[in-house]
Amino acid sequence: LLNKVGDWWQVETHEGYTVSGNTKENAGSYDVTISLRNTNYIWKDQTRTDLTYKFVINKQEVETPEVESKVYTSLEQSVDLGVNAIYTIDAYSGFINVGKYDVVLRLRNPNNYKWKNTEDEVTTVVFEITQATTEITNLTISNWTYNEKANEPASNTNFGTVVYTYSTEENGDYVET
């Protein structure tokens, strides 16, 4: 009646019996019942009693996704996990400052799925915003002559605004002009 096919057991079809309970889709423990169709058939052990076999459909394990960190931009940032049919993301945006933030992932169908790292319906991943590195390039002052008022310097920066300060001596007090 039962044949092993790879990791599966298969119930052979036969005109002498019926099979019920064998078409389950959700995770859980189930019974498959095999019943003789009529009195013209008998089992090998000379009985007519229905045969019952237990089978289990295990929950599918879900890997906790890796969350990539982002560099501080002074703008609101969000976790890049995208839309997912298996889990939802609680509070995945609104992060601004440098730091580590807990992001909660919740299984949409905990009856059929489970996290690989926990038996809970939720798991937490850490989203990190790292410090930005500021670089000033192309610093120039054009047409500045000794003993005259300084012209405004010019420069480029990849982040923020450059503020120029001046002093009348090398180790003096520097102030904005």
Visitor: Would Ser155 and Tyr164 count as having a side-chain donor-acceptor pair, cut-off 3.5 Å?
Guide: yes
Visitor: Walk me through it: do Tyr17 and Val19 pass the test side-chain contact (heavy atoms from CB on, under 4.5 Å)?
Guide: CA-CA 7 Å; Tyr17 55 81; Val19 179; 4.1 Å; yes
Visitor: Of the options Val79, Ile89, Asp102, Val103, which is the one that meets Val125 in a side chain to side chain contact (heavy atoms under 4.5 Å, CB included)?
Guide: Val103
Visitor: Would you check, one step at a time, whether the test side-chain contact (heavy atoms from CB on, under 4.5 Å) holds for Ser20 with Asn22?
Guide: CA-CA 6 Å; Ser20 62; Asn22 61 328; 5.7 Å; no
Visitor: Less than 4.5 Å apart, side chain to side chain, heavy atoms only: is that true for Val56 and Tyr30?
Guide: no
Visitor: Transitively linked via ILVMFWY side-chain contacts under 4.5 Å: Tyr101 with Val98?
Guide: yes
Visitor: Under the side chain to side chain contact (heavy atoms under 4.5 Å, CB included) rule, collect the residues that match up with Glu76, sequence neighbours excluded.
Guide: Ser93, Ile96
Visitor: Take Leu105 and Trp115, measure what side-chain contact (heavy atoms from CB on, under 4.5 Å) needs, and give me the verdict at the end.
Guide: CA-CA 10 Å; Leu105 307 178; Trp115 295 109; 3.7 Å; yes
Visitor: Evaluate the side-chain proximity of Tyr53 to Ile34: yes if any heavy-atom separation is below 4.5 Å, no if none is.
Guide: yes
Visitor: Please list, chain by chain and in numerical order, all residues satisfying salt bridge (Lys or Arg N to Asp or Glu O under 4.0 Å) with Arg37, sequence neighbours excluded.
Guide: none
Visitor: Less than 3.5 Å apart, which donor and acceptor atoms pair up between the side chains of residues 58-74 and the rest of the protein, not counting sequence neighbours?
Guide:
from  : atom 1 : to     : atom 2 : distance (Å)
Lys59 : NZ     : Pro110 : O      : 3.0
Glu63 : OE2    : Lys116 : NZ     : 3.1
Thr64 : OG1    : Asn117 : OD1    : 3.1
Thr64 : OG1    : Asn117 : ND2    : 3.4
Lys70 : NZ     : Ser78  : O      : 2.7
Lys70 : NZ     : Asp80  : OD1    : 3.3
Lys70 : NZ     : Asp80  : OD2    : 3.0
Thr73 : OG1    : Leu75  : N      : 3.1

Visitor: Evaluate the side-chain proximity of Tyr87 to Tyr113: yes if any heavy-atom separation is below 4.5 Å, no if none is.
Guide: no
Visitor: Identify every side-chain donor-acceptor pair in residues 132-143 under 3.5 Å, counting partners at least two apart or on other chains, and give the distances.
Guide:
none

Visitor: Please report the closest heavy-atom contact between Val126 and Lys100, naming both atoms and the distance.
Guide: CG1-CB, 3.8 Å
Visitor: Given the rule in the ring-ring contact (aromatic ring centres under 6.0 Å, His included) test, do Phe95 and Phe127 qualify, once you have shown the distances and angles that lead to the verdict?
Guide: CA-CA 9 Å; Phe95 309 117; Phe127 172 62; 5.4 Å; yes
Visitor: Rounded to the nearest 0.5 Å, what separates atom CD in Glu25 from atom OG1 in Thr23?
Guide: 7.5 Å
Visitor: With a 4.5 Å limit on heavy-atom distance, are the side chains of Leu107 and Ile86 in contact?
Guide: yes
Visitor: Can you pull out every salt bridge (Lys or Arg N to Asp or Glu O under 4.0 Å) where at least one residue sits in residues 39-55? Sequence neighbours excluded, please.
Guide: Asp31-Lys54
Visitor: Any sub-3.5 Å donor-acceptor pair from Arg108's side-chain atoms to Asn84's backbone N or O?
Guide: yes
Visitor: Is there side-chain contact between Asn156 and Val162, with heavy atoms separated by less than 4.5 Å?
Guide: no
Visitor: Kindly state each residue pair satisfying salt bridge (Lys or Arg N to Asp or Glu O under 4.0 Å) with at least one member in residues 84-94, sequence neighbours excluded.
Guide: Asp90-Arg106
